[in-house]
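Order of appearance sets the numbers: ligands from 1, and atoms from 1 within every ligand. This one's a predicted model, so the numbers in the text were calculated from it and none came from an experiment.
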Amino acid sequence: MEAKINKRLVAGANMPAPDDNVLTNTQEAVYQALSRLGYSEPVYEVLKEPLRVLTVRIPVHMDDGHVEVFTGYRAQHNDAIGPMKGGIRFHPNVSLDEVKALSIWMSLKCGIFNLPYGGAKGGIICDPRTMSLGEQERLARGYVRAISQIVGPTKDIPAPDVYTNPQIMAWMYDEYSRIREYDSPGFITGKPIVLGGSQGRDQSTALGVCFCAREAAATQGRKLQDLRVMIQGFGNVGSNAALLLNEMGVKVIGISDANGGIYDENGLNVQELLDKRDSFGMVTNNFSHVMTNDEFLVQPCDILIPAALENQITAKNADKIQASIIVEAANGPTTPEADEILHEKGILLIPDVVGNAGGVTVSYFEWVQNNQGMYWTEEEVNQRLETMMVNSIQNILHTAKRYQVSTRMAAYMVGIKPFAEAIRWRGWV
Ligand code: GLU
């Protein structure tokens, strides 16, 4: 029966056409994964798009007296397994399709890591780099008021993402608790520790990236400490990954930010870079010799960690990448064409839905601690994270081998399967 369904799916008329759009690319991969697992067309129909998307417009009184109206989104992919979970990004390039794709990726992460959630994602089209703290606070509070009906500790739990941080989570938490008229720390994760945040949450995504790098190196029979690393992006994840890897005795030879990259084959002074970095991860403006991001990605190194935005490794540069391991710390940094090239070159790729899932995993721990009112030490958090990361990485590598597919396809297969099962049990298909 599976083979029959499979055949029908592969030949199915509803298969989306590939394109450069992150959403259609994601749908294509979900389709392929479900098809390989032998699920029927209706399963794809349910899972190809978020179940709910809310678009909101948020008027904000700016410091100069004028009112600016911002557009924001919250996409909720699927709630068959539990409440939905995912960050909120503040960025000028936020779009509806991007937020939808990001919500599907969140489901995959939850599926791979066995978290009792479905995926969600939020975004506001804005540039916080040009906004005062007061303007950011009014925007954050306005967004929570606008989406308050569809979020909550048992519905949808937001968290930080690109250009949002514990301060913004704290304002959102405060606003939500005021609307509901009771204290509600489980509404949002990535909070400051004093407001119920988890030990280790700040560095969790980066620590997860380090575990991935270590496991990938071991798979190739190498020791992480002998390898040279380049990191694209110096925001929360990129800068913490540089710090942690450096502390583990790994040489960080290149880092970049939105301006470009710096590279030194003898190793960069990570602490000096951290001291010079601003709150948006800009650091290269302190250096005279900065290469473009395109030049940067193809420099010699052993491990490349893209930790910036989507579509950075493309058909144009994939062939020239010299790393033998890529750990995706950003969401969606590699295009499907580039994926194929990297796979053919034999580069060991740890895909984003595994590579950066340390963040949502410790967000889950934060929510559990909020719900039980009992808090764990940083060692407990990091140990639990390590166990879950190692199991998930091994599961993906094993699945890739078993089905003879890329690690990306293996991640889609492992991540989507629980949702296909859950919607079947619930009688949705
Ligand atoms: N924004 C992060 C991500 O893309 C974290 C999400 C969360 O903690 O819920 O995985």
Any heavy atom of M84 sitting closer than 4.0 Å to ligand 1?
no
Heavy-atom nearest option to atom 10 (O) of ligand 1, drawn from K85, K109, K121
K109
Close approach of R89 to ligand 1, heavy atoms, under 4.0 angstrom:
no
Give a yes or no answer on whether the side chain of E328 reaches the backbone of D352 with a donor-acceptor pair at less than 3.5 Å.
yes
Could you give me the CA-CA distance, side-chain angles and deciding distance for T377 and Q199, then say whether side-chain contact (heavy atoms from CB on, under 4.5 Å) is met?
CA-CA 6 Å; T377 63; Q199 298 290 343; 5.9 Å; no
Evaluation steps, salt bridge (charged side-chain N to carboxylate O under 4.0 Å, His left out), between R178 and E175
CA-CA 5 Å; R178 280 164 196 269; E175 192 67 24; 5.6 Å; no
For ligand 1, note which part of M169 has a heavy atom under 4.0 Å away: side chain, backbone, both or neither.
neither
Relative to the heavy atoms of M106, which atoms of ligand 1 are at a distance of less than 4.0 Å?
3 (C), 4 (O), 6 (C), 10 (O)
Atoms in ligand 1 with a heavy atom of N331 nearer than 4.0 Å
4 (O)
Identify, for atom 5 (C) of ligand 1, the protein heavy atom at the shortest distance, and state residue, atom and that distance.
R201 NH2, 3.6 Å
Any Lys/Arg nitrogen of R141 or D174 sitting under 4.0 Å from an Asp/Glu carboxylate oxygen of the other?
yes
Would you mind checking which non-hydrogen protein atom is closest to atom 8 (O) of ligand 1, with the distance to 0.1 Å?
S363 OG, 2.5 Å
Hey, do the aromatic rings of Y44 and Y39 have their centres closer than 6.0 Å?
no
Taking C-beta and beyond as the side chain, do I124 and V94 meet within less than 4.5 Å on heavy atoms?
no
N or O contact, P160 vs ligand 1, cut-off under 3.5 Å:
yes
Any idea which of A159, G208, G359, C110 brings a heavy atom closest to atom 7 (C) of ligand 1?
A159
So is there a nitrogen or oxygen of N356 less than 3.5 Å from a nitrogen or oxygen in ligand 1?
no
Going by the 4.0 angstrom heavy-atom rule, the piece of I157 near ligand 1 is neither
Gap separating the CG atom of L348 from the CD1 atom of I325, nearest 0.5 angstrom:
5.5 Å
Pairs under 3.5 angstrom only: tabulate donor-acceptor contacts from the side chains of residues 82-89 to other protein residues two or more places apart or in another chain.
| unit_1 | atom_1 | unit_2 | atom_2 | d |
| --- | --- | --- | --- | --- |
| K85 | NZ | I157 | O | 2.9 |
| K85 | NZ | P158 | O | 3.3 |
| K85 | NZ | T189 | OG1 | 2.9 |
| R89 | NE | D161 | OD2 | 2.7 |
| R89 | NH1 | E98 | OE2 | 3.1 |
| R89 | NH1 | E310 | OE2 | 3.3 |
| R89 | NH2 | D161 | OD2 | 3.0 |

